[in-house]
Novice: 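Handing you this structure, nothing more for now.
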Amino acid sequence: MWDLSLLSAVVVVLLVYVLVAWHRYQKRRARMVRLIDRIPGPPSLPLIGNTIELNVEHDELLERLMGSTKLWGRRVGVNRMWNGTKPYITVFHPDRVEPILSSNKHIDKSKDYSYLHPWLGTGLLTSSGSKWHSRRKILTPAFHFKILEDFIDVFLEQSSILVKKLEREIGNEAGFNIFPYITHCALDVICETAMGRQVNAQGDSQSEYVKAVYEIGSIIQNRQSKLWLQPDWMFRWTHMYKTHEKCIKILHGFSNKVIQERKEEFAKLREKNKMASTVSDEDTNTFGRKKRLAFLDLLIEASRDGAVLSNEDIREEVDTFMFEGHDTTSAAISWALFLLGGQPDIQTKVIQEIDGILGPGAEQGITMKDLNEMKYLECCIKEALRLYPSVPIIARQINEDINMAHYTVPAGTTALIITYMLHRNPESFPQPEQFNPDRFLKENVIGRHPYAYIPFSAGPRNCIGQKFALLEEKAVIASILRKYRVEAVDRRENLTLLGELILRPKHGLRIKIFPRSP
Ligand code: HEM
């Protein structure tokens, strides 16, 4: 009898608890829906929201997002839509971007990044909270200019292989797609700087590792844009899953092997007292060539034999650099060359600058100081990143209500910052479609909104590799333009853009090259 009344009491308490929780959830949800629906946006259907409009192929997604944005939220610079029952805002005005990116509260990545987790774990790009804070602190010194200086040789070695490979395209009247050439070069650069290993993508693009990097990138992009591939249990039923798992095995296998080998080398060297525990003794000859410290070595040092970072932690970060550090730079270099190829007058100015610094026809190497002096080339690179930002959309989770224009964006919303549109705001960049590097001359930057131009994102979660990227871009472009003039074959207005993780032209970027007369 007593047991029965106790049971009823427990059931009643549980029921009350569930009802209260449900009521609270409904109240919160109703508030969220009310607030989101006040923001301008296309009409949406119950439960599925705007899913049908958004569920399109890669080559349409960016156009769709921008089309809807132009139609509905142009004036205020913020637009809403429903992806199923999940609220999204798109943001494309500097005043609206600032409260999101400048804040320490909204530093978590959106769910869309979770498809990267099987490969990258929760490394710097994908982690959140205290893990992100501590990793950022550990990794920041790895991008010190002294360390970057050591990488210049890698940039130049790989660039000279590229320049040699391009010889075969001299006289190719139809033009050729520059993208794969640059991508392989950037992959070799990042592999050597991140892991201290050569994958020789420029020599053998069929290598298992190189193929796995491309295959997994394409699968991740498919998952991001196709609703039915998103739940893990559904993805497991697809043919892609098998390929995905195979790629993960290859990629992790390679990183694990390199980490293990590198740790053993470290231990041996330490034993022999040939290597101090600081980064200053890097002249040791470990691989039969002058040894440079890779990011991996710095991570191994920072790991304190596993006390601070485990092998898996190290792998997360090395894989993150591999992912984030090659596609972004290769897109940026390819777009810059293509744009220079479309404006011979601007290209001539760049060549004059390069020749002025290095001496015309001179064969001597390029130093960090030379690269730092290439100011006009830097303006061209920045302008190319404005028109074609390698990362066209940055996604963030809004963790606390934000007031934006006359609206409140409730916590729980996903914000998509459309860099591609932000960079075309005529208030910040008059005649936005024009490729005009002078916009980035010192005197012309004064007074520009600090969030009007953000190819590397901005605020606490900006790109840790931006200085590395700029140096690499300069080294590769300067090496090419020392030998060749480039001419664009494709026309900008005919290109189809894929707004994926990285902004790519669907059918590549065709250029022609001509040897420069000595
Ligand atoms: C032109 C080249 C590059 C561009 C345009 C670029 C752009 C960006 C952007 C927009 C973000 C923010 C992403 C987001 O919030 O979703 C980011 C983050 C990041 N980038 Fe880059 N990146 C470039 C090159 C590199 C390189 C060369 C490396 C490494 C060697 C690198 C490593 C990272 C990492 C680790 C993060 C995450 C930082 C954090 O969350 O604390 N990036 N990058």
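Each ligand, and each atom within it, is numbered from 1 in the order the structure gives.
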Novice: Are D401 and T408 close enough that a side-chain donor and a side-chain acceptor fall under 3.5 Å?
Specialist: no
Novice: More than 12 non-hydrogen atoms from neighbouring residues, nucleotides or ligands closer than 6.0 Å to CD on E427, yes or no?
Specialist: no
Novice: With a 4.0 Å cut-off on heavy atoms, is I454 touching ligand 1?
Specialist: no
Novice: Provide the number and element of each atom of ligand 1 under 4.0 Å from a heavy atom of S390.
Specialist: 5 (C)
Novice: Taking N or O atoms only and a 3.5 Å limit, does L124 qualify as a polar contact for ligand 1?
Specialist: yes
Novice: Determine whether the side chain, the backbone, both or neither of Q466 has a heavy atom under 4.0 Å from any heavy atom of ligand 1.
Specialist: neither
Novice: Which atoms of ligand 1 have any heavy atom of S457 under 4.0 Å away?
Specialist: 10 (C), 12 (C)
Novice: Among protein heavy atoms, which lies nearest atom 16 (O) of ligand 1, and at what distance?
Specialist: Y113 OH, 2.3 Å
Novice: What is the closest protein heavy atom to atom 42 (N) of ligand 1, and at what distance does it sit?
Specialist: C463 SG, 3.1 Å
Novice: Under 6.0 Å from the ring centre and within 45 degrees of the ring axis: does the NZ or CZ of R386 meet both conditions for the six-membered ring of F440?
Specialist: no
Novice: So, is the end of the R96 side chain (NZ or CZ) under 6.0 Å from the ring centre of F92 and within 45° of the ring's axis?
Specialist: no
Novice: Identify the heavy atoms of A384 and A336 that sit nearest to each other, and give their distance.
Specialist: CB-CA, 3.7 Å
Novice: Does a side-chain N-to-carboxylate-O contact under 4.0 Å join K257 and E261?
Specialist: yes
Novice: Counting neighbours of NZ on K105 that are heavy atoms of other residues, nucleotides or ligands and sit closer than 6.0 Å, is the number greater than 12?
Specialist: no
Novice: So, does N462 sit close enough to ligand 1 that a heavy atom of it is under 4.0 Å from the ligand?
Specialist: yes
Novice: Hey, is K109 one of the residues with a heavy atom under 4.0 angstrom from ligand 1?
Specialist: yes
Novice: Counting each atom of ligand 1 from 1 as listed, which ones have a heavy atom of P455 under 4.0 Å away?
Specialist: 5 (C), 7 (C), 10 (C)
Novice: Using modelled atom types and a 3.5 Å cut-off, is there a donor and acceptor pairing between side-chain atoms of N83 and backbone atoms of K86?
Specialist: no
Novice: May I ask you to check if R223 and F235 form a cation-pi contact, with NZ or CZ under 6.0 angstrom from the six-membered ring centre and within 45° of the axis?
Specialist: yes
Novice: Would you say the ring centroid of Y214 lies under 6.0 angstrom from that of Y209?
Specialist: no
Novice: I need the atoms of ligand 1 closer than 4.0 Å to a non-hydrogen atom of A332, numbered in the order shown.
Specialist: 1 (C)
Novice: Please identify which atoms of ligand 1 are closer than 4.0 Å to at least one heavy atom of A469.
Specialist: 1 (C), 2 (C), 24 (C)
Novice: Starting from atom 26 (C) of ligand 1, what is the nearest protein heavy atom, named by residue and atom, and what distance separates them?
Specialist: G325 CA, 3.5 Å
Novice: Can you tell which of E324, R136, E472 gets a heavy atom nearest to atom 20 (N) of ligand 1?
Specialist: E324
Novice: Regarding R461 and the six-membered ring of Y113, is the cationic atom NZ or CZ under 6.0 Å from the ring centre and inside 45° of its axis?
Specialist: no
Novice: Within ligand 1, which atoms have a heavy atom of F468 less than 4.0 Å away?
Specialist: 27 (C)
Novice: Heavy-atom distance to atom 29 (C) of ligand 1: which of F321, F323, F456 wins?
Specialist: F321
Novice: Give the numbers and elements of all ligand 1 atoms closer than 4.0 Å to a heavy atom of R461.
Specialist: 39 (C), 40 (O), 41 (O)
Novice: Under 4.0 Å from a heavy atom of W132: give me the atoms of ligand 1 that qualify, with their elements.
Specialist: 39 (C), 40 (O), 41 (O)
Novice: Could you tell me if K70 and N79 have a donor-acceptor pair between their side chains, going purely by distance under 3.5 Å?
Specialist: no
Novice: Would you tell me which option among T328, T320, T140, L139 has the nearest heavy-atom contact to atom 24 (C) of ligand 1?
Specialist: T328
